[in-house]
Amino acid sequence: MALAPVPRVLLRDVALERIRAAIVSGDLQPGAVVKDAELAARLGLSVAPVRAALARLADEGLVEAKPQSHTRVTPLRVRDVRDAAVVVRAMHELATREAVPAVTPDDVAAMRAANERFAAAVRAGDVDAALAADDDLHGVLLARCGNAALTATVERLTPAVRRLERRRFAAAHGAESVELHDRLIAACARSDVDAAVVTTTEIWTALLSELEETPDGTV
């Protein structure tokens, strides 16, 4: 049996994943000051990959730096989340439109399995599992559309939205998404592009509607 090469893991990517997860989960609270040396010590890494990760997180809007002052976790500003969510919704709509004609039975089965995991996680109040299943479900269409630029935009902006989504699921508002997912899956199964796009819009508009009801400011 041939030996496959071991993938090289960049420490910058490890730091990025860990720090992003801490921000999205709330372990690093909005407004919290973050110091690269302290983060590096907590992660067991050198400072260099942590600084590179923080630079990427600044691009994603999760941290903000003031020159010669400090770096802090970006406050959860309603306007910023709304702006990001509008773009993410448009990207998912486009991904759905491009992907549905090429969806396979295996894709539909994967989406159904993801929604079953999503529903179980919502019932159990497991926010992390619910969001992971939600990512898996929509990830099928993102992968099938084959648009790298679209996927990169979603990956860059979703973490900013995800902080609010966690609060939404934690407040037990995730149950209505199960039915919307079922409708999306059914539309994909019958290759109904227009119905799938409309349902995708509904899924994201539900989140945006909550934002519209929230006064601008920090959450």
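Scope of the values below: all heavy atoms of this structure, side chains included, with no hydrogens, waters or symmetry mates. Note that this is a predicted model, so its numbers are computed, not measured.
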If every non-hydrogen atom of Ala84 is compared with every non-hydrogen atom of Ala160, which pair is closest and at what distance? CB-CB, 4.5 Å
Keeping to residues at least two apart or across chains, list the ring pair (Phe, Tyr, Trp, His ring centres under 6.0 Å) pairs with something in residues 18-60. none
Measuring from Met91:CE to Arg156:CZ, what's the distance to the nearest 0.5 Å? 10.5 Å
Leu57 side chain reached by Ile19 side chain, heavy atoms, under 4.5 Å: yes
Under 3.5 Å, is there a donor-acceptor pair between the Glu93 and Thr200 side chains? no
Do Phe118 and Val178 come close enough that some side-chain heavy atom pair is under 4.5 Å? yes
Minimal heavy-atom distance between Leu141 and Cys188, with the atoms involved, is CD2-SG, 4.0 Å
If Ile, Leu, Val, Met, Phe, Trp and Tyr residues are connected whenever their side-chain heavy atoms lie under 4.5 Å apart, and connections chain through other members, are Val24 and Leu16 in the same group? no
Sort and list the pairs that fulfil ring pair (Phe, Tyr, Trp, His ring centres under 6.0 Å) and have at least one residue in residues 29-74, not counting sequence neighbours. none
side-chain hydrogen bond (donor to acceptor under 3.5 Å, both in side chains) filter on Ser46, not counting sequence neighbours, yields none
Evaluate the criterion side-chain contact (heavy atoms from CB on, under 4.5 Å) for residue pair Thr71 and Val33; output intermediate values, then yes/no. CA-CA 6 Å; Thr71 299; Val33 173; over 6 Å; no
Any pair with a residue in residues 122-132 that passes side chain to side chain donor-acceptor pair (under 3.5 Å), sequence neighbours left out, goes on the list, sorted by first then second residue, please. Asp128-Arg166
To the closest 0.5 Å, what do you measure between OG1 (Thr74) and CG (Leu28)? 11.5 Å
What is the distance from atom CZ of Arg72 to atom CG of Leu62, rounded to the nearest 0.5 Å? 13.5 Å
Are Arg112 and Asp182 ion-paired here, with the side-chain N under 4.0 Å from a carboxylate O? no
Only counting residues at least two apart or in another chain, list the ones meeting side-chain hydrogen bond (donor to acceptor under 3.5 Å, both in side chains) with Asn147. none
Is there a chain of hydrophobic side chains (I, L, V, M, F, W, Y, each step under 4.5 Å between heavy atoms) that links Leu45 to Val34? yes
Hits for side-chain hydrogen bond (donor to acceptor under 3.5 Å, both in side chains) against Glu116, two or more places apart or cross-chain, chain-then-number order -> none
Decide yes or no for Asn115 and Asp134: does some side-chain heavy atom of the first lie under 4.5 Å from some side-chain heavy atom of the second? no
Can a donor-acceptor pair be found, under 3.5 Å and without considering hydrogens, that links the side chain of Gln29 to the backbone of Gly26? yes
Where do Arg162 and Asp135 land on the salt bridge (Lys or Arg N to Asp or Glu O under 4.0 Å) test, with the steps shown first? CA-CA 11 Å; Arg162 184 50 43 88; Asp135 282 342; 3.0 Å; yes
Under a 4.5 Å cut-off applied to non-hydrogen side-chain atoms, are Glu38 and Leu43 in contact? no
Same cluster or not: Val87 versus Val154, using hydrophobic residues (I, L, V, M, F, W, Y) connected whenever any side-chain heavy atoms lie under 4.5 Å apart? yes
side-chain hydrogen bond (donor to acceptor under 3.5 Å, both in side chains) filter on Thr104, not counting sequence neighbours, yields Asp107
Would you find more than 12 non-hydrogen atoms of other residues, nucleotides or ligands less than 6.0 Å from Arg42 atom CZ? no
Mind checking whether Val103 and Val140 have side chains closer than 4.5 Å, heavy atoms only? no
Residues Ala130 and Val122: closest non-hydrogen pair is CB-CG2, 4.2 Å
Taking atom CD1 of Ile203 and atom OG of Ser177, what is their separation to the nearest 0.5 Å? 7.0 Å
Is Val197 isolated, or which residues cluster with it under the ILVMFWY side-chain rule of less than 4.5 Å, directly or via members? Val100, Val193
Going by distance alone, is a donor N or O of one side chain under 3.5 Å from an acceptor N or O of the other, for Arg89 and Thr205? yes
With Asp136 via salt bridge (charged side-chain N to carboxylate O under 4.0 Å, His left out) - residues at least two apart: Arg117
Would you please test Asp83 and Leu157 for side-chain contact (heavy atoms from CB on, under 4.5 Å) and show each step? CA-CA 10 Å; Asp83 289 348; Leu157 294 178; over 6 Å; no
For the residue pair Ala196 and Ala187, what are the closest heavy atoms and their distance? N-CB, 3.6 Å
Within-4.5 Å side-chain heavy-atom neighbours: Leu180 and Trp204: no
Taking ring pair (Phe, Tyr, Trp, His ring centres under 6.0 Å) as the cut-off, I'd like each qualifying pair that reaches into residues 124-159, sequence neighbours left out, listed once. His92-His138, His138-His181
Salt bridge (charged side-chain N to carboxylate O under 4.0 Å, His left out) pairs touching residues 198-209, sequence neighbours excluded, are Arg183-Glu202
Measuring only between side-chain heavy atoms, which start at C-beta, is Arg163 closer than 4.5 Å to Ser25? no
Got more than 12 heavy atoms from elsewhere within 6.0 Å of CD, Glu64? yes
Same apolar cluster (I L V M F W Y, side chains within < 4.5 Å links), Leu184/Leu150: yes
Let me confirm one number: the OG1-CG distance from Thr199 to Asp192, rounded to the nearest 0.5 Å. 8.5 Å
Side chain to side chain donor-acceptor pair (under 3.5 Å) contacts in which one or both residues fall within residues 50-59, not counting sequence neighbours: Asp36-Arg51, Arg56-Glu60
I need the Thr158 OG1 to Leu131 CG distance, nearest 0.5 Å. 11.0 Å
